[in-house]
Amino acid sequence: MKFNTVLLIGAPGAGKGTQGKILGTVPNFYHCACGEVFRNLTVESELGRTFIEYSSRGELVPDEYTIRLWRTYIENRTRSGQFRPEMDTLVLDGLPRNIYQAKMLADTLNVIAVFNLTCPDRSKLVARLQRRALRDNRLDDANVEVIIARLSLYDKETKPVLAYYGPDLVRTIDAIQPPILVLQSLLAMLPRPA
Ligand code: AMP
């Protein structure tokens, strides 16, 4: 059975996590942030060390590792009853990060909407990430060079995912607005439950 899924796509700092967390509090929505799945690994594990190695350079963790880890995570959440695929809509944030990952997930996800959180002004994203570095103690947001690498990687690898899913599924939202207005737009454009 494929998971009914809403994707949150946007550059680092665009607010995917903020919006995903809020949506995840609504009954019958389950939020999963791929970066959080990685951050919950311990440094003692091989995968945890791999994550630190790549994320500290602003790079993506290799696709096979990522998809394997995510599948294990979501299987565990399903087994424990936290995610109920037959009634919940999955709100996926930070995955897929490139077309290859999107293809690998095609047998698992029934994508019903793709929210494209846009912010053309890079300096605003950099400022947001620097604030987050202090607040959340995130290594990958602490260094401007790493931030720039992550933003460039987004343009090169992740943006093409929007074309992969196509205009019928993609809904674009201005991520510069205050979070409450982003949320309002998102809720207005969310497909109605069947
Ligand atoms: P995020 O919290 O989404 O900004 O992700 C933080 C870091 O985790 C990224 O810079 C990557 O190193 C890694 N990461 C998160 N999601 C993925 C993914 N789908 N594929 C590969 N690496 C990822």
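In this chain, numbering begins with 1 at the start of the sequence shown. Every number for a ligand or one of its atoms is a count from 1 in the order of the listing.
One finds a salt bridge joining Arg150 and Asp141 here, because a Lys/Arg side-chain nitrogen approaches an Asp/Glu carboxylate oxygen to under 4.0 Å.
Residue contacts with ligand 1 include Phe51, since one of its heavy atoms falls under 4.0 Å from the ligand. At a 4.0 Å cut-off, at least one heavy atom of Arg39 sits close enough to ligand 1 to count as contact.
Which parts of ligand 1 touch Cys34 is read off a 4.0 Å heavy-atom cut-off, strictly below it: atoms 16 (N), 17 (C), 19 (N). The distance from ligand 1 to the heavy atoms of Leu95 drops below 4.0 Å at these ligand atoms: 19 (N). In summary, the atoms of ligand 1 found under 4.0 Å from a heavy atom of Ser55, numbered by their order in the structure, are 12 (O). Near Gly35, with a cut-off below 4.0 Å to any heavy atom, the atoms of ligand 1 are 2 (O), 5 (O), 15 (C).
Looking at every heavy atom in both residues, Ile9 comes nearest to Pro96 through CD1-O, 4.1 Å. Between Pro191 and Ile112, the shortest heavy-atom contact is CG-O, 3.7 Å. Across Gln130 and Ile147, no two heavy atoms sit closer than the pair CG-CD1, 3.9 Å.
Judged by distance alone, the side chain of Lys16 and the main-chain N or O of Gly10 form a donor-acceptor pair under 3.5 Å.
In terms of polar-atom proximity, defined here as any N/O pair under 3.5 Å, Phe38 makes no such contact with ligand 1.
For atom 19 (N) of ligand 1, the closest non-hydrogen atom on the protein side is Gly94 O, 2.9 Å. The protein heavy atom nearest to atom 10 (O) of ligand 1 is Arg150 NE, 3.7 Å. Of the protein's non-hydrogen atoms, Val61 N, 3.0 Å is the one closest to atom 22 (N) of ligand 1. Looking at atom 12 (O) of ligand 1, its nearest protein heavy atom turns out to be Glu59 O, 2.7 Å. Nearest to atom 20 (N) of ligand 1 among the protein's heavy atoms is Gln101 NE2, 2.9 Å. In this structure, the protein non-hydrogen atom closest to atom 18 (C) of ligand 1 is Arg97 CG, 3.4 Å.
The side-chain contact (heavy atoms from CB on, under 4.5 Å) search around Val170 returns Val114, Asn116, Leu162, Thr172, not counting sequence neighbours.
A donor-acceptor pair shorter than 3.5 Å cannot be found between the side chains of Arg97 and Thr66.
For Leu60, heavy-atom contacts with ligand 1 shorter than 4.0 Å involve the backbone as well as the side chain.
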Report the C-alpha distance between Phe115 and Val91 in whole Å, list the side-chain angles of each, state the deciding distance to 0.1 Å, and finish with yes or no for side-chain contact (heavy atoms from CB on, under 4.5 Å). CA-CA 10 Å; Phe115 287 100; Val91 180; over 6 Å; no
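Among pairs with a residue in residues 56-103, those fulfilling ring-ring contact (aromatic ring centres under 6.0 Å, His included) read Phe3-Phe83, Tyr30-Phe83, at least two apart in sequence or across chains.
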